[in-house]
Structures are given as structure tokens and as C-alpha cells.
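These notes are about the structure you will find just below.
Quick note on labels: first sequence line is chain A, next is B, and so on, each numbered from 1.
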Protein chains: 2
Amino acid sequence: MIRQTSVKPAPAAPSPPLVVIVDDDPAVRESLDSLIRSVGLATRLFGAPAELLQGSLPDVPGCIILDVRLPGISGLDFQDQLARQGIALPIVFMTGHGDIPMTVRAMKAGAVDFLAKPFRDQEMLDAVTAAIERDRQRRGATAALDDLRSAHATLTTREREVMTHVVAGLMNKQVAGVLGLSEITVKIHRGNVMRKMGVRTLADLVRMAEALDVPKP
Amino acid sequence: MIRQTSVKPAPAAPSPPLVVIVDDDPAVRESLDSLIRSVGLATRLFGAPAELLQGSLPDVPGCIILDVRLPGISGLDFQDQLARQGIALPIVFMTGHGDIPMTVRAMKAGAVDFLAKPFRDQEMLDAVTAAIERDRQRRGATAALDDLRSAHATLTTREREVMTHVVAGLMNKQVAGVLGLSEITVKIHRGNVMRKMGVRTLADLVRMAEALDVPKP
DNA sequence: GTCGCTCACAAACCTAGGTATGAGCCCGAC
DNA sequence: GTCGGGCTCATACCTAGGTTTGTGAGCGAC
């Protein structure tokens with residue numbers, strides 16, 4: 001896979017993963033902060049969900065540690081809200097007054113773990129490690145897909161139409177028939193598609209189309 | 001997608017989904033049985049996990065309702081055991097003495113739901129409906145994949161090698177070079193692959209290879 | 001042994017894919 | 001207006017893909 005990365009200021013030092021801690025109790029925040037920092041991870045502390053939504057987060061792998069009981073909003077509702085806003089950071093819940101339905105709801109909504117207080121330090125660290133790993137996976141997949149999407153965005157309307165039919169398995173003359181073009185024109189568009197998408201073989205183009213979920217004609 | 005179905009005795013009447021109920025309390029079994037039957041679903045009752053493992057289950061969509069506390073084995077351990085044995089029926093847990101760690105473990109292991117007793121009838125029916133739908137999806141995906149696998153299994157070793165390189169995007173002459181063959185031989189193998197896999201275009205073959213996870217050369 | 005399958009290769013032939021050169025049309029931006 | 005981009009098409013030429021027919025070697029099963 002060719003990563004078509006955009007121009008960046010070249011971050012020399014790779015930042016450590018970031019753990020966002022959301023809890024209304026300062027003592028809990030501080031305690032988690034030192035625990036997380038002790039294993040070399042960066043932290044960001046918030047006393048309320050709203051604070052998190054305002055500031056933007058750095059572009060590094062990470063996760064969120066979220067108390068279920070928060071000022072103004074349930075942690076579970078906040079989970080939904082984050083999802084709706086496209087913030088896909090994995091969430092580790094913790095709670096002092098949890099029950100089974102809460103746990104089920106959180107896990108169904110994609111939480112990595114759900115820890116009842118009191119929990120052992122190691123439990124939290126394991127959950128955070130798993131969450132960060134999940135985020136790393138997701139970021140990798142997203143980055144590769146973004147490159148594909150931006151390449152696909154450079155195609156003209158016609159080129160996209162031709163690509164759609166080509167990856168569906170139609171021959172050039174068939175594409176020409178469907179689109180009301182001559183075969184030579186289809187060939188030219190097809191060549192442009194291959195060049196712009198940065199592939200040399202039809203097989204690669206088909207795989208790209210699959211990843212992009214190019215609509216069937 | 002061409003379904004290459006194997007020869008079957010043509011089941012005229014589509015069987016209803018099957019709900020397997022595992023609980024050591026006969027009263028609970030009976031109660032669930034009548035609830036599930038009341039919505040037109042078939043049931044199979046077991047008092048202990050071992051009974052389930054002996055008999056074979058019919059080939060219809062379904063799910064398992066499993067008590068966490070079972071004679072001889074934890075429902076959670078039994079969940080693992082089923083997974084190891086390749087029994088992928090979705091599981092709805094119920095428990096009278098559940099806690100959060102149990103819930104988390106069950107959900108992480110893929111349970112559809114985890115209901116604390118007492119639960120309302122409708123909760124159980126909703127969970128069962130969701131579980132059956134999940135099984136239906138899984139069965140559909142599995143059936144399509146099985147057809148692909150059986151087609152792929154009819155290929156000779158050489159044909160598989162050629163297919164691998166062809167879907168990787170190599171030209172016939174390049175495949176010939178890699179495998180130490182002449183180009184004409186590659187063309188013949190390639191034609192056999194297309195015929196045996198039941199596709200007419202390279203695009204389709206690439207998609208099949210993706211679904212089959214054909215190893216990169 | 002011989003039958004069937006796999007594998008390999010060749011000659012001949014046809015279709016499909018790909019590129020270069022050149023040219024005309026439309027349309028929106030500067 | 002004209003300049004560029006997108007779209008269209010033609011001729012010409014070359015490469016790649018695909019099938020058919022025919023040949024022959026190796027090998028395991030019956």
C-alpha cells in the first residue's frame with residue numbers, strides 16, 4: 001500500500017499515547033493521572049464532559065477513561081454523544097454504583113471495559129493498554145482508507161462512472177455501451193483512473209474499490 | 001454471487017428459528033419455553049450443558065439462552081467451550097446472582113445480552129430476536145464463504161499458485177517467470193481457475209480471493 | 001498394464017487492453 | 001476573449017489475455 005501522506009511538519013519525537021480521564025472527583029483524577037503517567041503514557045484531565053468537547057485532542061493513539069456518573073450527563077449518554085460526533089476513541093468505564101444493565105449497554109455500545117470500583121491498578125492498566133491498542137488498529141485502518149478516499153476524490157464524474165463499471169467486471173466495450181460512449185473514450189478514462197488512483201493493475205483497482213465500497217452499478 | 005449449493009432433500013417447509021434453553025431449574029425452563037413458543041419459535045430444553053454437546057442441532061438460525069450458574073460448569077466457561085468447539089450460536093445470558101465482571105466477560109466474549117433476573121418477558125424476547133438476527137447474518141456470510149471455499153478446494157496445487165499470483169496483479173508472463181513455467185501454461189491454468197471458480201472476469205476472481213483471504217505471494 | 005488426472009508446452013488465432021497523436025466541443029474562470 | 005479542464009472520438013500500433021488443438025511425461029488407482 002502506498003501511503004500518500006500530506007505534507008506535515010515532520011514530528012521528530014513520536015508522542016506517547018494519550019489517556020483522557022473524565023471524572024468529577026479531583027482525588028480520583030489525580031490518582032488515575034499518576035497511575036497512567038507511571039507507565040509512560042500522557043494524560044489529559046477533565047472534570048466534566050463539556051470540557052472535553054471544547055478543546056481538540058492531539059492526533060495520537062489514545063483512549064478515554066470515563067466515570068459513569070458525571071455532572072450533568074450520564075457517562076453512557078456521553079458515550080453515545082461522542083459516537084455521534086465521530087469521536088471514536090475507545091472508552092474504559094469505571095463506576096462506583098454500576099449495575100448489570102448499565103454494563104450491558106456500555107459494552108454493546110463498544111466500550112472496551114467496564115470496571116467496578118474499587119479496581120486494582122493493574123486492571124485499569126490492562127484495560128487502558130487494550131483500549132490504546134484498539135485505537136491504534138482503528139487509526140491504521142482509517143489512515144489507509146483516507147488516502148484511498150482522497151485519491152478517489154480527484155477523479156472526475158466520468159472517471160468514477162467508468163471505474164465503477166470496470167471494477168464490476170465489464171469489458172471496455174460494455175462500459176462504452178452502458179455509458180453511451182465509444183470504446184476508445186472508455187480506454188482513456190480508464191487509463192486516467194489507473195493513473196490517478198496510483199495503481200498499475202486491475203487487481204489493485206478492484207481491491208481499492210472494495211475498500212472504498214464503490215457502489216455497484 | 002452464484003450460490004453453488006450442494007444437493008439437498010429440498011426442505012419444503014422453512015423451519016422456525018430454534019432457541020436452545022439451558023437452565024438447571026425445571027420451572028425456569030418451562031416458563032421460558034412457553035414464552036418463546038408463544039411467539040412462534042421452536043425450543044430445545046437442557047438441564048445441563050453436557051446434554052447440549054451430545055445431541056446435534058438442526059441447521060436453522062437460532063440462539064442459546066444460558067443461565068450463568070449451571071451444574072458442574074460456569075455458563076461463562078461453557079461459552080468459551082462452545083466457541084472452541086466452533087458452535088457459534090449467539091448467547092443470551094441470564095442470571096440471578098450476576099455481577100459486573102461476569103457481565104463484562106460475557107459481553108467481551110460475544111454474548112448478545114446479559115439479563116439479570118428478574119427480567120421482563122419483553123426484554124428476553126427482544127434479546128432473543130436480536131440474537132437470532134445475528135445468527136441469520138452469520139449463517140448467510142458463512143454459507144457464501146463455504147461455497148467459495150469448496151470451489152477453491154477443487155483447484156489443483158498449480159492452479160492455486162497461479163491464482164495467487166494472478167490476483168496479486170502479475171501478468172501471465174510474470175507468473176510464468178516466478179513459477180518457472182511458460183506463459184502458455186500459465187494461461188491454461190488461469191483459464192482452469194476461472195472456470196472452476198465460476199467467474200468470468202478478473203474483477204470477480206479478485207473479490208473471491210479477498211473473501212477467501214488467499215495468501216499474498 | 002492401462003485408465004484417468006495433473007502438469008507442461010507449442011502453434012495458431014482471435015479478442016481485449018493500453019497508449020500516443022491529433023482534434024473538436026463546451027464551459028467556467030480570469 | 002481566451003485559457004484550461006473536462007469530455008469526446010479517430011487512427012494507428014503494440015501488448016496482454018484467452019481458447020483450441022495436439023503432444024507428451026509422470027503417477028496413483030484399479
Side-chain angles (χ1 to χ4, degrees), chain A residues 2 4 148-210 212 214-217, chain B residues 2 4 148-210 212 214-217:
Chain A
I2 299 172
Q4 186 93 352
L148 287 192
R149 269 197 260 269
S150 62
H152 191 246
T154 68
L155 300 181
T156 67
T157 306
R158 261 294 192 244
E159 286 162 356
R160 255 189 291 275
E161 288 173 339
V162 170
M163 173 171 169
T164 300
H165 290 94
V166 165
V167 298
L170 273 65
M171 292 184 305
N172 287 339
K173 70 170 72 167
Q174 293 175 310
V175 177
V178 172
L179 297 181
L181 303 174
S182 75
E183 188 182 348
I184 186 67
T185 305
V186 172
K187 285 185 179 182
I188 292 170
H189 286 313
R190 182 174 182 155
N192 290 339
V193 169
M194 299 296 279
R195 190 173 40 76
K196 288 185 178 179
M197 295 299 287
V199 294
R200 278 173 36 264
T201 70
L202 176 59
D204 290 337
L205 190 67
V206 171
R207 270 184 284 270
M208 278 196 174
E210 285 291 285
L212 285 168
V214 166
K216 316 282 176 281
Chain B
I2 298 172
Q4 185 96 350
L148 287 192
R149 271 196 259 268
S150 61
H152 191 245
T154 68
L155 300 182
T156 68
T157 306
R158 261 294 191 242
E159 285 162 358
R160 254 189 292 276
E161 289 173 340
V162 170
M163 173 172 168
T164 300
H165 289 94
V166 165
V167 299
L170 272 67
M171 292 184 304
N172 287 341
K173 69 170 74 167
Q174 293 175 308
V175 178
V178 172
L179 297 181
L181 303 174
S182 74
E183 187 182 348
I184 185 69
T185 305
V186 172
K187 284 185 179 182
I188 292 171
H189 287 313
R190 181 173 182 155
N192 290 338
V193 169
M194 300 296 278
R195 190 174 40 76
K196 287 185 178 178
M197 296 299 288
V199 294
R200 279 173 34 264
T201 69
L202 176 59
D204 289 337
L205 190 68
V206 170
R207 270 183 283 269
M208 278 197 175
E210 286 291 286
L212 285 168
V214 166
K216 317 282 176 279

Side chains of Met197(A) and His152(A) in contact at under 4.5 Å (non-hydrogen atoms) =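 The answer is yes; the side chains approach within 4.5 Å.
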query = Is Leu205(B) close to Arg190(B) at the side-chain level, that is, under 4.5 Å between some pair of heavy atoms?
reply =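 No, their side chains stay 4.5 Å or more apart.
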Indicate whether OP1 or OP2 belonging to [N] is found under 4.0 Å from a side-chain N or O atom of [X].
{"X": "Thr156(B)", "N": "dT6(C)", "answer": "no"}
{"X": "Lys173(A)", "N": "dA16(C)", "answer": "yes"}
{"X": "His189(A)", "N": "dT8(D)", "answer": "yes"}
{"X": "Arg158(A)", "N": "dG6(D)", "answer": "no"}
{"X": "Ser182(A)", "N": "dC9(D)", "answer": "yes"}
{"X": "Asn172(B)", "N": "dG17(D)", "answer": "yes"}

Please report the distance, rounded to the nearest Å, between [atom1] in [X] and [atom2] in [N].
{"X": "Arg190(B)", "N": "dT19(D)", "atom1": "CZ", "atom2": "P", "value": "10 Å"}
{"X": "Met194(A)", "N": "dG18(C)", "atom1": "CE", "atom2": "C1'", "value": "10 Å"}
{"X": "Asn192(A)", "N": "dC7(D)", "atom1": "CG", "atom2": "P", "value": "9 Å"}
{"X": "Ile188(B)", "N": "dT20(D)", "atom1": "CD1", "atom2": "P", "value": "11 Å"}
{"X": "Ile184(B)", "N": "dA16(D)", "atom1": "CD1", "atom2": "P", "value": "14 Å"}
{"X": "Leu181(B)", "N": "dC9(C)", "atom1": "CG", "atom2": "C1'", "value": "10 Å"}
{"X": "Glu183(B)", "N": "dA12(C)", "atom1": "CD", "atom2": "P", "value": "16 Å"}
{"X": "His165(B)", "N": "dG17(D)", "atom1": "NE2", "atom2": "P", "value": "15 Å"}

key: Listed nucleotide nearest any side-chain atom of Lys187(B), set dA16(C), dT19(D), dA20(C)   =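 The listed nucleotide nearest to Lys187(B)'s side chain is dT19(D).
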request  = Look at the side chain of Thr157(A) and decide which nucleotide, out of dC7(D), dG17(C), dC7(C), has an atom nearest to it.
outcome  =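 For the Thr157(A) side chain, the nearest candidate turns out to be dC7(D).
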task = For Ala168(B) and Ala203(A), work out which heavy atoms get closest and say how close.
result =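 The pair with the smallest heavy-atom distance is C-CB, 4.5 Å.
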message = By the 4.0 Å heavy-atom rule, please label Leu202(B) as base, sugar-phosphate, or nothing.
response =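 It contacts nothing in the nucleic acid.
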query = Given that Thr185(B) and Thr154(B) both sit by DNA chain C, which one's nearest nucleotide is further toward the 5' end?
reply =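 Nearest nucleotide further toward 5': that of Thr154(B).
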Audit row: Glu161(A), Arg158(A), salt bridge (Lys or Arg N to Asp or Glu O under 4.0 Å) steps and yes/no = CA-CA 5 Å; Glu161(A) 288 173 339; Arg158(A) 261 294 192 244; 2.6 Å; yes
request  = Walk me through it: do Leu170(B) and Val178(B) pass the test side chain to side chain contact (heavy atoms under 4.5 Å, CB included)?
outcome  = CA-CA 10 Å; Leu170(B) 272 67; Val178(B) 172; 4.0 Å; yes
